[in-house]
Protein chains: 2
Amino acid sequence: MTTDLDIARAATLRPITDIAARAGIPADALYAYGPHKAKIGYDFINGCAGRPDGKLVLVTGISPTAAGEGKTTTTVGLADALSAAGKRVMICLREPSLGPSFGMKGGATGGGYAQVVPMEDINLHFTGDFHAITSANNLLAAMIDNHLYWGNSLGIDTRRVTWRRALDMNDRALRSIINSIGGGANGAPREDGFDITVASEVMAVFCLARDLDDLQARLGRMVVATRRDGSAVTAADLKADGAMAVLLREAFQPNLVQTLEGTPALVHGGPFANIAHGCNSVMATRLGLKLADVVVTEAGFGADLGAEKFIDIKCRSAGLAPGCAVIVATVRALKMHGGVAKGALGTENVAAVQRGMANLARHIENMRKFGIPVVVGLNRFTSDTEAEFAAVRDATAALGVRTVLCTHWADGGAGAAELAQVVTEALGEGAQAKPLYPADLPLAEKIRTIARDIYRARDIDIAPAAAKRLSQFEAAGHAGLPVCIAKTQYSFSADPTAMGAPEGHVLPVREVRLSAGAGFVVAICGEIMTMPGLPKVPAAETIRLDAEGNIQGLF
Amino acid sequence: MTTDLDIARAATLRPITDIAARAGIPADALYAYGPHKAKIGYDFINGCAGRPDGKLVLVTGISPTAAGEGKTTTTVGLADALSAAGKRVMICLREPSLGPSFGMKGGATGGGYAQVVPMEDINLHFTGDFHAITSANNLLAAMIDNHLYWGNSLGIDTRRVTWRRALDMNDRALRSIINSIGGGANGAPREDGFDITVASEVMAVFCLARDLDDLQARLGRMVVATRRDGSAVTAADLKADGAMAVLLREAFQPNLVQTLEGTPALVHGGPFANIAHGCNSVMATRLGLKLADVVVTEAGFGADLGAEKFIDIKCRSAGLAPGCAVIVATVRALKMHGGVAKGALGTENVAAVQRGMANLARHIENMRKFGIPVVVGLNRFTSDTEAEFAAVRDATAALGVRTVLCTHWADGGAGAAELAQVVTEALGEGAQAKPLYPADLPLAEKIRTIARDIYRARDIDIAPAAAKRLSQFEAAGHAGLPVCIAKTQYSFSADPTAMGAPEGHVLPVREVRLSAGAGFVVAICGEIMTMPGLPKVPAAETIRLDAEGNIQGLF
């Protein structure tokens, strides 16, 4: 079998200077990382400020299966197709996390003939951005405990240090720890823990900051602990913001790579899509819009989570407005939403597809609430049948939405040529994207609005302690922040097994957290894992170097 | 005052391709990290194998003051001077650790007009090598706890997991922790802790491996835990070696940078000089010898520790032999060894210098035991006087050793021109460097030989448990390994306050550890800190970005 890695390795990559030239970036604006990766310098970025913006296409999806429906491949295939049609195109994607590569096999750079490359590099250390974010996170943590050690002049309540440490590794043993044991020279023991780096607020800040000044300011606003009187202690109170910004200075410049077909791609930042907003950096998206006619970007999870956060958090903060949304769907996932068990998804079942359309239809309705034209990209699998495709086409046509069958995985950009054409038409409609709720709505009402209008919940059920915290956040001046819902991606509800288009449910808000630097309030609805574990037989066991020093077993 | 950073920033750096050309490295062998840093590719390195070797100069020092005596500046100044004299020269240095930059001010790239640049980059993330080493260390740790979690089929004694986690951060709160708390889903709680990355055995392996094959093999041999029957569990038993090597594949290529005067420098690897051997990578040193007439390299701490380990561990393992050693001394340190208190080191005191010469004289004697010609480089400070210099010159002349006054800090290579000439003469003597002890001596006898011949101890005092461990290491097939002594750098003895040239003391061997992958047995003599803390007012508090986005307050 030809793997994604085989395809990526067989490709002849163009020099990154050629890709940059194609995007209108001069060679002296590049900071190269070998021949096929580069960061783009601040001077060039700042010099682009006065240019007009291109159009923005958001690739999102239906409520996914565990395997994912192919948002990244669709992003890549669509961009390659737009590029082949003569558009100046830029892709904006998240960077993959290193840790999970050693757990389950599989990268996060697309697949088949719709990939960004060099894929091994991008999936491993890439240009070191996540390592810089890890360092910044942990410098702050070290400064907090150092402050406690030397007398705690800020009066931190040591029971209420909320800042956690981070590693880009799947390591369940670090989820919850007691630190500072072994005697007074190591400090006083307290409960602590590690999150995977993508779950760090530093990652969210990195992805929402508009420039270096904004980065340093947001880092300073991050709340790390509480005093006995309930007042917040920030990273700026600890004087950690400056050194953290210094650690991030190089990383904060967007990374340029290419697709297998030579389309330029900015791959930069990668926050979790549950406790954070799940989009690549504002730096990259804004730069892309200055350089291209069309920027194709992706948001994490399904449209209920990813697209909502993209618009209500990222676009609101960065002054962006998508001109079109592509909802990626698969026949397999539709059958799953139509009640078919995992083992039977490869068998034709038109009735199940029709039932499962309830999920896709609701995502379409939701996207329209944001004022954005919608196109459905149906990502073809070999087991799919014409009758099943027809069922999807007919059902979306009834909603006035076009469904385009895509084969970019097998055919590259040529497999998304029709999608590119339909998206181009949709971009011509002159959408007026708008957020779901106004900034001045009370925090609890923001959560209720999302739950009611997007998830179709009957109501929300906020735990009393969480409601009290929301009031405290509002009293402390954070009433104007958007909310970031952390819930399962598998269902519109908080129950991951509720397929299709559930309604009338109640969204339980178990806990709320303030991400004052990133600029949102997180509402946790269900169990959210911020430090994954490794499986019984991790992929790492079969990854190694062969006699020629080449990587084996990765992806 | 002009700082090191001011000088480094004011310098006009040459393109790294020019520096490479000067070293005979073609542009297509470079993997660039921006315009002024590059890794050198495996194909080029392998292609150099058949070339003859240049000569190797070791820069070492007397027992230092806390400020250090200037080994790195002397390495840089000497190389610049040799270069100016027409030699093809390569510098080989360790990479600095990131963590300490945020504690006390000061980088590790030389100083004044004898620096390697770009200094901010080298002192921060550089090319990401230490991040890769951190990741490899922590992947192994995660795989150990994951193995325990899923049933412990290897039968690891969970009380005897010796592998620790690592971070490149000064963080005393992580020295000793309890991991896996919070319930069975997180594993079973056990004592654990973090070392700073430079203290990881992965770092030592990285610096002693001769090629990628050797790297993967050494990683596999690392002992991580013990079974109830006392047998060792290795990284290979956990199948972690391959994935770790994959994480290190890019990092393992030496990094090329330049001095302020354009001399090429390989800055690669940086193990602790106490629990590890304290030298840059074998990969870099061996490559340097293929490219240059003269390679100038440095070993950590004073000659009793650094030079001894350089020869008995690194040179023995890598088949290297230095042709000359430069012992760096300062009048200030000699006065300290002569009994002068810290506050009075700036006042002329010839008698104290003469008394302090006992320390330098012993280092000279010691180096001669290795069969290596010695030159003393006297690193000038402004408060030093001619009479003090004369005292040093006279005393070393009586031993048949030349002392050369050096002003490279203020004058760059021109300030080390005489040193370069004397070193060139010494290299002409055709030294036959040899290790201190044969590989087949029992482990305890190796420790005793070093203690007696180098430290001038009367004897060693091995704790009973340590003696038992040594026997176990021998029984397990490790009898042929060299030993790596971890003791204070401030004295020949294990007492950091015993200045001058103490003798007749007893070296206490408190604990021994096996570094089977690195290939040595560590003998711990005194308190060794493998995870530093931050001071009360860490340097991080004043480090930040200014309005132009430039780094302020670092160094």
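Quick note: numbers below take in every heavy atom, side chains included, and nothing from hydrogens, waters or symmetry partners. Just so it is clear: chains get the letters A, B, ... in the order the sequence lines come, proteins before strands, and each one is counted from 1.
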Under 4.5 Å to a heavy atom of chain B? For A:Ala245 that would be both
Could you tell me whether the side chain of A:Leu139 reaches within less than 4.5 Å of the side chain of B:Asp171, counting heavy atoms only?
no
Sidechain N-carboxylate O distance under 4.0 Å for B:Arg172, A:Asp145
no
Which one of A:Ser176, A:Gly99, A:Ala251 has the most heavy-atom pairs closer than 4.5 Å to chain B?
A:Ser176
I need the residue from B:Gln216, B:His147, B:Arg175, B:Lys37 with the largest number of non-hydrogen atom pairs under 4.5 Å to chain A.
B:Gln216
Are B:Arg544 and A:Lys239 close enough that some pair of their side-chain heavy atoms sits under 4.5 Å apart?
no
Would you mind telling me which of B:Pro538, B:Pro535, B:Gly533, B:Gly182 has the largest number of heavy-atom pairs within less than 4.5 Å of chain A?
B:Pro535
Heavy-atom side-chain proximity of B:His125 to A:His131 below 4.5 angstrom:
no
Measuring only between side-chain heavy atoms, which start at C-beta, is B:Arg249 closer than 4.5 Å to A:Asn550?
yes
With sequence neighbours excluded, give me every ring-ring contact (aromatic ring centres under 6.0 Å, His included) pair touching residues 169-197 of chain B.
A:Phe194-B:Phe194
Do B:Val246 and A:Leu545 come close enough that some side-chain heavy atom pair is under 4.5 Å?
yes
For A:Thr17, which residues count as a side-chain contact (heavy atoms from CB on, under 4.5 Å) partner, sequence neighbours excluded?
A:Pro15, A:Ala27, A:Leu30
When you compare the side chain of B:Leu167 with that of A:Leu167, does any pair of heavy atoms fall below 4.5 Å?
yes
List the steps and the verdict of side-chain contact (heavy atoms from CB on, under 4.5 Å) for B:Arg165 and A:Leu174.
CA-CA 10 Å; B:Arg165 287 168 165 86; A:Leu174 294 178; 3.6 Å; yes
Side-chain heavy atoms of B:Ile178 within contact of A:Ile181, under 4.5 Å:
yes
Only pairs of heavy atoms separated by less than 4.5 Å count here; which of B:Tyr149, B:Phe102, B:Tyr42 has the most with chain A?
B:Tyr149
Check: A:Leu124 and B:Glu250 side chains under 4.5 Å, non-hydrogen atoms
no
One option among A:Asp168, A:Leu247, A:Leu212, A:Asp213 has the most heavy-atom pairs under 4.5 Å with chain B, and it is A:Leu247
Quick check for you: among B:Ala188, B:Gly128, B:Gly41, B:Ala540, which has the greatest number of heavy-atom pairs under 4.5 Å with chain A?
B:Ala540
